[in-house]
Amino acid sequence: MIQWKQSIAILLAGCLSLSLVACSGNGNQALPEGGDDTSTVGRYIETPIEADWGSDDRILGMQTNESGTVSFYTVSKSGDPVEVTRHEIGANDAVTSQPMDWGQALPDNNTMVSAIAELFDGTVILLTQEDTGTNLYRTALGQTECQPISITDWPTPSYSVEGTYGPSTIFPAGNGFVAVFNDQPEHGLEYRTADGVQTSTISNSMLYLGNNDVIANNQQVLVRDIANKLLLRYDIATGNKLGESACNFVDINTAMLLTEDAQYLVDATGLYRQTLDGDKWEQIFNGEGSSLSAPANVITGMALDGGDGYYIALSTSMGPRVIHYIWSNETPSLPDTELTVFSLKDYPILRQAISEYQTQNPNVKVTLQIPSVEGATTEDVIRALNTEILNGSGPDILVLDDLPAQSYAEKGVLLDLNSVDGLLEGVLPNLTTAQTHGDSIYQIPAQFTIPVIVSKTGTTQPDSMSTLLQQIQANNGDVPYLVIPPNLDAAESFLMDWYLPCAPEVYSNNTLDVAQLETVLGQIQSMHSQLQSDAAKFGVTQEGIWVETDSMVESIDDGIYQVGQGSATAHVTTLTGRTSLEALSFQQDGQCQIDSLYGRGRFLPQCSVGITANSQHQEEAEDFLSVLLSQSVQSAYVGIGFSVREEALKEVTLKTFSDENGKLQPLGEQFLNLCQTLHSAIPRDAVVEEAIREQASTVLNGGSATDAANTIADAVKIYLAE
């Protein structure tokens, strides 16, 4: 929490076994003895390693030792002193854990151990981040003392920082270590002895090297060049380039391994191997639906098990995990049941649930169907879906965002979820009742976002867009009344930001109210004109600020800070997740207030799911929804969206808004109260919204709101009548 807030402040200033299908149809497929790519049995299975570590610990330094055992370290993120434990995996995946006393020997100045390099002779190099900068220490297995490694010839950074400058991470290599520099292409990699003496430099053209972009063995170092989609190999002793290979299928969340004869890559799509003298990649196994593919899981390391298996380390929302992937000749190569999920969009929380569900149900394959709309309209896609449903061949589960959910409910397409025992336990009841149809519940949101207005404490809240416009126009101060958004010139984005909070007046029960649509479009047109005038007068706009968190990059709502700093009276925005709460948590007590926009208690459902009434796998579909709404999935941090599970929502709120004594701050209480009193779900329909977007330029460039509303109505008339 503290480190996360520090990073924002700087920017503003400046288990069960899971079966995995081994890829077939690949002439280079690497299968263990006894397996072949045409067999109906045999695949890799996923087994978690049981060990004692904290939920906030990080896994560092995973490697296969000369003895053939696999070792790794867990390090506490906080604590005084920092806690370091060495783990070694033995026979039958038994783990021996040994607490190290090195933390006692490190300085007590917010020291964080960011990397550990264990050499084959037992020497251990620690890389730390301290108040004084980056430092290196040398110790050894069995020792308690840590000796500082004095290095005076680190490359000079391109930016000004206090304290010493050093590498971002280190890796063991031979009798020394490889130091990685993120900001110095000419000193991208350095090889140094255990005493810190530099012996070679590997220059490269990459401005940024992530901690998982480099790996080494005794003689060579492997570097991933993301920009050019290459893997580059260098000789450690000389720094000379030994070779390169194309690698265009790996994403950011990746770990690598380099042995004497092969290089390995693992990412969300699976595990890959290429011999050092080859030019083709072999997929060892497909990671689809495995723990690797869960969006909240960050891959932090990998190692060979000495046989046909692999250990892979993950950082997850529930703490660190180590998974053992081993080949099983007895396991069927394909699951015997397929559960299909249809969605017009790709939701990270949906993929998180798929990963956890398949971990618990290895004999069920979950297929996520996200149709491509190339050469077809969204309306065409929905019509095709409707035909499949009527023919009895449709998906088992529907993500109803952007689909005609109300029509489906009326026509008996969806199962009443009230019949599923225990499904709604722990879910905020106001969010489920907001989407009822009569006494029935046909859909449940997995997440939600909230249109709000953040304003100075004591500000009168507008009850409509027209009232807000009047408040803006009455402003005679030295700063704008409303924070001016950065998308004034982005017609579609601006229009939809202001339309969606008013959507229930325009579109409900599969009916479009043309007169209300005309009114709303006219109000948005006036709002756009007024904000353009204010932008010209005050010369300020909301800035877009981005921050890297975990395995993703997110935007920070700068408008909230502007209100807190007195640069504006109010800010209309949508609270979308943790970054929104972090921005609110920076505001001093009594400085700001947060209210539902126009006081209407509305929210935007995210990933609302329902089960089709004619599903052939109703029991599996019910179990999947239970996993989607479970505490483990709902607690996973996957970016946009708040948890609908009350326990998980309170957990993230307390972490964000707690004071030094662990007490919830007033803005945190306001946020929780707001979530618990929401009562109106904003309806979404992709076809209707597409028609509205197409009129954005016309409306915001001064065209007739009446003509635009009629054009929209004509475009969706046939669709809504079906």
Side-chain angles (χ1 to χ4, degrees), residues 16 18-19 288-290 293-294 334-371 382 384-427 431-432 435-437 439-447 605-634 636 638 643-645:
L16 296 171
L18 165 65
S19 301
E288 180 183 357
S290 73
S293 65
L334 293 174
D336 51 22
T337 301
E338 182 180 24
L339 188 68
T340 56
V341 182
F342 178 93
S343 177
L344 287 176
K345 297 177 182 176
D346 194 353
Y347 292 94
I349 194 170
L350 193 61
R351 292 191 179 274
Q352 185 75 20
I354 290 172
S355 172
E356 293 208 18
Y357 177 82
Q358 290 197 174
T359 301
Q360 300 171 20
N361 300 274
N363 290 323
V364 179
K365 175 179 173 55
V366 180
T367 298
L368 177 58
Q369 301 174 340
I370 302 177
I382 294 176
L385 171 66
N386 293 342
T387 300
E388 290 184 358
I389 292 173
L390 290 174
N391 291 338
S393 58
D396 301 291
I397 296 171
L398 291 173
V399 177
L400 293 159
D401 298 6
D402 300 318
L403 293 177
Q406 190 75 15
S407 175
Y408 288 165
E410 292 173 352
K411 295 175 181 177
V413 170
L414 301 172
L415 180 73
D416 185 356
L417 298 179
N418 281 317
S419 63
V420 184
D421 290 339
L423 180 63
L424 303 180
E425 291 180 7
V427 176
L431 300 183
T432 58
Q435 293 184 284
T436 56
H437 185 77
D439 294 329
S440 300
I441 297 176
Y442 294 109
Q443 59 179 315
I444 301 174
Q447 295 173 302
Q606 301 285 326
C607 192
S608 286
V609 290
I611 299 174
T612 54
N614 59 0
S615 168
Q616 300 300 307
H617 307 292
Q618 183 174 318
E619 183 178 347
E620 290 83 358
E622 292 174 358
D623 290 343
F624 179 82
L625 263 61
S626 295
V627 171
L628 179 63
L629 299 174
S630 67
Q631 178 68 14
S632 60
V633 171
Q634 290 286 309
V638 294
S643 170
V644 299
R645 191 172 186 85

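Using a 4.5 Å heavy-atom threshold, the side chains of Val420 and Leu625 count as separate. Residues Gln358 and Glu288 fail the side-chain proximity criterion, which asks for heavy atoms closer than 4.5 Å. Between Leu398 and Leu385 the shortest side-chain heavy-atom distance falls below 4.5 Å. The closest side-chain heavy-atom distance from Asp396 to Glu620 is not below 4.5 Å. Side-chain contact between Ile349 and Gln634 is present, with at least one heavy-atom pair separated by less than 4.5 Å. Between Asp439 and Asn418 there is no side-chain heavy-atom pair separated by less than 4.5 Å. Residues Asp401 and Tyr347 are in side-chain contact: their nearest non-hydrogen atoms beyond the backbone lie under 4.5 Å apart. Ser615 is not listed as a side-chain neighbour of Leu415, based on a closest heavy-atom distance of 4.5 Å or more.
Between Leu629 and Ala446, the shortest heavy-atom contact is CD2-CA, 4.4 Å. Of all heavy-atom pairs between Leu344 and Pro371, the closest is CD2-CG, 4.1 Å. In terms of heavy-atom proximity, Asp416 sits nearest to Ser440 at OD2-OG, 3.1 Å. Of all heavy-atom pairs spanning Ala409 and Tyr442, the tightest one is CB-CD1, 3.5 Å.
With values rounded to the nearest 0.5 angstrom, Asn361 atom CG is found 9.5 Å from Leu339 atom CG. Taking CG of Leu368 as the reference point, atom OG of Ser293 lies at 10.5 Å (rounded to 0.5 Å). With rounding to the nearest 0.5 Å, the separation of CG in Leu400 from CD in Gln443 is 5.0 Å. Atom CG of Asp623 and atom CD of Gln618 lie 10.5 Å apart (nearest 0.5 Å). In this structure, CG on Asn386 lies 7.5 Å from OG on Ser407, to the nearest 0.5 angstrom. With rounding to the nearest 0.5 Å, the separation of CG in Leu350 from CD1 in Ile354 is 4.5 Å.
Evaluation of the salt bridge (charged side-chain N to carboxylate O under 4.0 Å, His left out) rule for Arg645 yields no partner, not counting sequence neighbours.
Although no hydrogens or angles enter the test, the distance criterion places a donor-acceptor pair under 3.5 Å between the side chain of Ser626 and the main chain of Glu622. Put simply, the side chain of Thr612 never gets that close to the backbone of Leu414: no donor and acceptor are under 3.5 Å apart. Without hydrogens or angle criteria, Thr359 side chain to Ser355 main chain gives a donor-acceptor distance under 3.5 Å. Put simply, the side chain of Asn363 never gets that close to the backbone of Pro335: no donor and acceptor are under 3.5 Å apart.
Annotation for Asp421: atom CG does not count as buried by contact number, only 12 or fewer foreign heavy atoms lying within 6.0 Å.
Side chain to side chain, Glu338 and Thr367 meet the donor-acceptor criterion of an N or O pair below 3.5 Å. There is no side-chain donor-acceptor pair under 3.5 Å between Ser630 and Glu356. If you check the side chains of His437 and Gln406, you find a donor sitting under 3.5 Å from an acceptor.
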Under 3.5 Å donor-acceptor pairs involving side-chain atoms of residues 388-395, not counting sequence neighbours:
{"from": "Asn391", "atom 1": "ND2", "to": "Thr387", "atom 2": "O", "distance (Å)": "3.2"}
{"from": "Ser393", "atom 1": "OG", "to": "Glu388", "atom 2": "O", "distance (Å)": "3.4"}

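Look at Lys345 and Asp402 and you find a salt bridge, because one of the NZ, NE, NH1 or NH2 atoms lies within 4.0 Å of a carboxylate O, short of that distance.
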Exercise for review: Kindly determine whether Leu424 and Ile441 satisfy side-chain contact (heavy atoms from CB on, under 4.5 Å), including the steps that lead there.
Suggested key: CA-CA 10 Å; Leu424 303 180; Ile441 297 176; 3.7 Å; yes
Exercise for review: Go through the steps for Phe342 and Leu403 under the test side-chain contact (heavy atoms from CB on, under 4.5 Å), then give the verdict.
Suggested key: CA-CA 11 Å; Phe342 178 93; Leu403 293 177; 4.2 Å; yes
